[in-house]
Colleague: 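Below is one structure. I have some questions about it.
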Amino acid sequence: MAETTHDWTHWEPQHVLAGWLHQAITAAFPDHAHLPVALERPKDPSHGDWATTWALVHAKALKQNPRAVAEAIRRELTPHPWVAEVTIAGPGFLNIRLTPAAKTAVVPKILTARDRFGAGKPRAERVQIEFVSANPTGPLHVGHGRGAAYGATLANVMAFAGWQVTREYYVNDAGRQMDILTLSTWLRYLALFGVAIPFPKNAYQGQYVVAMAETLKQAHGARFCTATAETLLAGVPEEPPAERTDDDATQQREARLDALIANAKRLLGEDYAWLHQFVLTEQLGDCRDDLAEFGVTFDHWFSEQSLYDTGLVARAIETLEKRGHLYTQDGAKWFRATAFGDEKDRVVQRANGSYTYFASDIAYHLNKFERGFDRVIDIWGADHHGYIPRVRAALAALGLDTSRFEVLLVQFAVLYRNGEKVPMSTRAGEFVTLRELRHEVGNDAARFFYILRKSDQHLDFDLDLAKRQSNDNPVYYVQYAHARIASVLREWLEHEPDGAAIDERLSAADLAPLETSPAALALAQRLQAFPAIIATAAEERAPHHIAFYLKAVAADFHAWYNVDRILVEDHAVRLARLALARATQWVLKNGLQLLGVSAPERM
RNA sequence: GCGCCCGUAGCUCAGUGGAUAGAGCGUUGGCCUCCGAAGCCAAAGGUCGCAGGUUCGAUUCCUGCCGGGCGCGCCA
């Protein structure tokens, strides 16, 4: 295959026309020939297929009336086989109408490039995308699901657009939350042996904790039953009455939890670390399986603990210190974040010597850059937006190029069932898990619905709609178009002796029969836009463009399908229409693949 | 109070410094002797939150206000 399948500039109308216009501009305005020529699709088809506002934009610099500028350009234009007509309209738009042959030119390109149609030119830049990174302290919920769908899709799209992508999950395995989970599990375990104390309100309440305790009991019997109610509660403050929700009560509950954790470490001895590892492995494994079933995978699972073990946290803080960005106050070490645009200075090392979460995060981001990524993208829940300035400040203080660091925020998803909000509260342990959602609506609908909205918008997730198998449901609408084409192709191949190599055969078809069908030409022009959609979606980190585009492709296909029968008697017409149908199928398939949604042959 | 995000059709949401602002749902009315009706066609529906400013041109950019969401820990 001599033809390049990744550089569309040779044939995409917008590039061909830009070059063609540029020649005319060079002739008409030699001094301004360096100004770029941008082509856009007019909203109103009666204005033509492509338009440029070059005359409008540069009229002032040329000190001429925009219409006169457009007229001067048009005088210099040479005949072009793809151009049917050039008109000047409104204040100075240069409108171009394509010939039908220009519109169908994309079809053989698709049939040649196949699953690479739309792919961008490979580039040298390496990008790391870190997403989900939920604490392994319980099942993923629907909020994590959106981050997972968005991150995975963005990674797919950027990879398809030519980037070298690394997908990473940051495992918060070092903090207090893991201690709380370990304690929670142990308390549930002890209760199975009759060692019962009131279960702390602020410990992990979920049923999965009880399940882990039961697993422990089955595998290890009473091995970890090393406490009594008395030894467990030694020196532990009272639990405040449940109805109290004031700050003092909250603080007392936290102190109680810390005392219980300290007792657990003492009473379990070396077994504490084992238990800690056990709950981590269980939860991380569950999370990994959940995501894998959702079609979301990672190249690296990066341990926060490893940053401490390798001394990276200490080194990062020392580096900041050497650069003079730290000071000591109240016994704690503070990072002068205000010197780099943050609102206030931040503690990196507490008076007791322990590092804050922020300290390990500085080390982690330093490590990302040290691994040589050209671009580092973090995908966070929108509730963490206040954290961005301090991380950026730390990177700047370390002398790193913060323009290579991006944080993309994902807003929360709100579920609706029967037109009503599904209540969710993490505190009470009553949240809908990602797994429940996937099982209820299916992976395809979940993936599609999650990325249907701009990521920084709130998402109303209509469970009833996602489950509906009708044209209301955009997932089925797009999948149906794919399956419908597959069905036609099957029908065709039943009567064809040579079922192999259909793309090769169809790519040679004469497409002239399509040129009299407005619906066919509209579809072909839609397909032609796919590479540009990919490039835009990657550039803007906005994979929702692809979902909207696929809906439009499906709509154009269904409309064409209803006016032109594909499997007609006339051999030439049949082949031309099959070629367009097959090209449509490839675009739908490639697009759905990027979204992690299946492209069924029948449904 | 300060910071970030958002106000577009009855509902859920796209969109862009340009020409008459779009889609789906919902409503109303049509289309299967014919490749999949999970489809198509048509109608109706809008002061793009409000007020200024920049511009040849603003729904888009800037400022202020009104309304909604989120965040402002030696938590992670």
Side-chain angles (χ1 to χ4, degrees), chain A residues 40-44 46-47 51 53 56-57 59-60 65-66 89-93 95 133-135 137 172 174-178 180 254 304 329-334 342-344 346-352 354-361 381-389 409 411-412 414 416 419 449 452-462 465 468-481 483-492 494 519 542 544-545 547-549 551-552 554-555 557-568 574 577-578 581 602-603:
Chain A
E40 59 188 50
R41 294 293 311 268
K43 271 180 264 189
D44 184 343
S46 73
H47 292 134
T53 57
L56 238 29
V57 174
K60 189 175 256 184
N65 174 312
F93 294 97
N95 292 336
S133 299
N135 276 348
T137 52
N172 294 122
R176 178 167 174 264
Q177 296 305 318
M178 283 306 300
I180 297 174
E254 295 302 320
E304 181 190 5
Q329 186 183 308
D330 305 329
K333 268 187 190 160
W334 296 70
D342 197 7
E343 292 179 335
K344 48 177 93 162
R346 311 287 177 178
V347 170
V348 290
Q349 193 171 16
R350 305 184 184 94
N352 66 10
S354 65
Y355 292 106
T356 60
Y357 177 83
F358 180 43
S360 58
D361 231 15
D383 54 332
H384 286 75
H385 79 258
Y387 200 72
I388 299 171
L409 299 177
Q411 292 281 356
F412 288 129
V414 181
Y416 284 82
F449 272 65
L452 204 48
R453 299 281 166 265
K454 268 191 305 201
S455 60
D456 57 2
Q457 292 264 25
H458 291 271
L459 170 66
D460 287 334
F461 196 123
D462 185 336
L465 177 58
R468 215 172 298 162
Q469 303 204 355
S470 72
N471 57 338
D472 313 0
N473 189 330
V475 191
Y476 284 98
Y477 184 75
V478 175
Q479 288 182 320
Y480 181 65
R484 210 177 200 187
I485 294 167
S487 170
V488 173
L489 291 171
R490 274 196 304 273
E491 175 84 16
W492 172 55
E494 269 179 31
H544 73 277
H545 285 308
F548 278 87
Y549 171 75
K551 279 164 64 177
F557 171 75
H558 289 311
W560 173 57
Y561 182 92
N562 274 273
V563 295
D564 291 339
R565 190 183 159 78
I566 297 169
L567 298 177
V568 291
R574 187 171 68 223
R577 291 179 180 170
L578 280 165
R602 32 166 65 93
M603 38 195 299

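What you see below is based on every heavy atom in this structure, not just the backbone, and it leaves out hydrogens, waters and symmetry mates. Chain A is the first sequence line, chain B the second, and so forth, proteins listed ahead of strands; every chain is numbered from 1.
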Colleague: Does G22(B) have a Watson-Crick or wobble mate here (both distances under 3.5 Å), and if so which one?
Modeller: C13(B)
Colleague: Any side-chain donor paired with an acceptor under 3.5 Å for Q177(A) and T137(A)?
Modeller: no
Colleague: Quick check: does any side chain N or O of H385(A) sit under 3.5 Å from a backbone N or O of A382(A), one acting as donor and the other as acceptor?
Modeller: yes
Colleague: Kindly assign one of parallel, tilted or perpendicular to the pair F557(A) and Y561(A), based on the angle between their ring planes and the thresholds 30° and 60°.
Modeller: tilted
Colleague: Nearest whole Å is fine: how far is A76(B) P from I180(A) CD1?
Modeller: 10 Å
Colleague: Sub-3.5 Å donor-acceptor pair from the side chain of R577(A) to the main-chain atoms of R565(A), do we have one?
Modeller: yes
Colleague: Kindly indicate whether the side chain of N95(A) and the base of A19(B) share any N or O donor-acceptor pair separated by less than 3.5 Å?
Modeller: yes
Colleague: Rounded to the Å, how far apart are F449(A) CZ and C25(B) P?
Modeller: 12 Å
Colleague: Atom CZ of R453(A) and atom C1' of G7(B): how far apart are they, to the nearest Å?
Modeller: 15 Å
Colleague: Generate the contact string for nucleotides 31-36 of chain B. Rules: B means base contact, S means sugar-phosphate contact only, - means no protein heavy atom under 4.0 Å.
Modeller: ---SBB
Colleague: Looking at G15(B), I'd like to know if its phosphate oxygens (OP1 or OP2) sit under 4.0 Å from a side-chain N or O belonging to K454(A).
Modeller: yes
Colleague: Write down the protein N/O and nucleotide N/O pairs, taken from nucleotides 42-48 of chain B, whose separation is under 3.5 Å; answer none if there are no such pairs.
Modeller:
none

Colleague: Starting from the 5' end of RNA chain B, give me the residue, P42(A) or A555(A), whose nearest nucleotide shows up first.
Modeller: P42(A)
Colleague: Ignoring hydrogens and geometry, is there a side-chain-to-backbone donor-acceptor pair from N473(A) to L465(A) under 3.5 Å?
Modeller: yes
Colleague: Across the strands shown, which category fits N65(A) at heavy-atom distances under 4.0 angstrom: base, sugar-phosphate, nothing?
Modeller: nothing
Colleague: Measure CD/Q457(A) against C1'/G15(B) and give the value in whole Å, please.
Modeller: 12 Å
Colleague: Any idea if C32(B) is syn or anti, going by the 90°-from-0 cut?
Modeller: syn
Colleague: Using a cut-off of 4.0 Å on non-hydrogen atoms, how would the nucleic acid contact of L452(A) be classed: base, sugar-phosphate, or nothing?
Modeller: nothing
Colleague: Find the partner of C72(B): check Watson-Crick (N1-N3 plus N6-O4 or O6-N4) and G-U wobble (N1-O2, O6-N3) distances, both under 3.5 Å, and reply none if neither fits.
Modeller: G1(B)
Colleague: Determine the Euclidean distance between corresponding C1' atoms of A14(B) and G73(B); express it in Å to zero decimal places.
Modeller: 39 Å
Colleague: Both distances under 3.5 Å, Watson-Crick or G-U wobble: report the partner of G64(B), or none.
Modeller: C50(B)
Colleague: Take the protein atom CG of N473(A) and the nucleotide atom C1' of C25(B), then report the distance between them rounded to whole Å.
Modeller: 12 Å
Colleague: Name the residue closer to the 5' end of RNA chain B, choosing between F548(A) and A174(A) according to the nucleotide with the nearest heavy atom.
Modeller: F548(A)
Colleague: With the six-membered base ring of A38(B) as reference, does the ring of Y477(A) sit under 5.5 Å away with planes under 30° apart?
Modeller: no
Colleague: Expressed as a whole number of angstroms, how long is the span from D460(A):CG to C6(B):P?
Modeller: 16 Å
Colleague: May I have the distance from H544(A) (atom NE2) to G24(B) (atom C1'), rounded to whole angstrom?
Modeller: 15 Å
Colleague: Which base, if any, makes a Watson-Crick or G-U wobble pair with U55(B), both distances under 3.5 Å?
Modeller: none
Colleague: Could you check which nucleotide pairs with A43(B) in any of the strands shown, counting Watson-Crick or G-U wobble with both distances under 3.5 Å?
Modeller: U27(B)
Colleague: Considering only the C1' atoms, how many Å lie between C13(B) and A19(B), rounded to the nearest integer?
Modeller: 25 Å
Colleague: With no hydrogens and no angle check, is any side-chain donor or acceptor of W334(A) less than 3.5 Å from a backbone partner on Q329(A)?
Modeller: yes
Colleague: Has the side chain of R350(A) got a donor or acceptor atom that lies under 3.5 Å from a matching backbone atom of A332(A)?
Modeller: no
Colleague: Could you measure between the two C1' atoms, the one in C50(B) and the one in U59(B), and give it in whole Å?
Modeller: 14 Å
Colleague: Using a cut-off of under 3.5 Å, enumerate the N/O to N/O pairs linking the protein to nucleotides 69-74 of chain B.
Modeller:
unit_1, atom_1, unit_2, atom_2, d
G69(B), O2', H458(A), NE2, 3.1
G73(B), OP2, K344(A), NZ, 3.3
C74(B), O3', R350(A), NE, 3.3

Colleague: With both distances under 3.5 angstrom, what nucleotide forms a Watson-Crick or G-U wobble pair with G36(B)?
Modeller: none
Colleague: Is the distance from OP1 or OP2 of C56(B) to the nearest side-chain N or O of K60(A) less than 4.0 Å?
Modeller: yes
Colleague: Round to a whole Å and report the spacing from CZ of F93(A) to P of G17(B).
Modeller: 13 Å
Colleague: Taking only the C1' atom of each, what is the distance from G57(B) to A21(B) in whole angstrom?
Modeller: 15 Å
Colleague: Can you find a heavy atom in the side chain of F93(A) that is under 4.5 Å from one in the side chain of T53(A)?
Modeller: yes
Colleague: Regarding A51(A), tell me which of base, sugar-phosphate or nothing describes its non-hydrogen contacts under 4.0 Å with the strands shown.
Modeller: base
Colleague: Looking at K43(A), does any N or O in its side chain come under 4.0 Å of the phosphate oxygens OP1/OP2 on A19(B)?
Modeller: yes
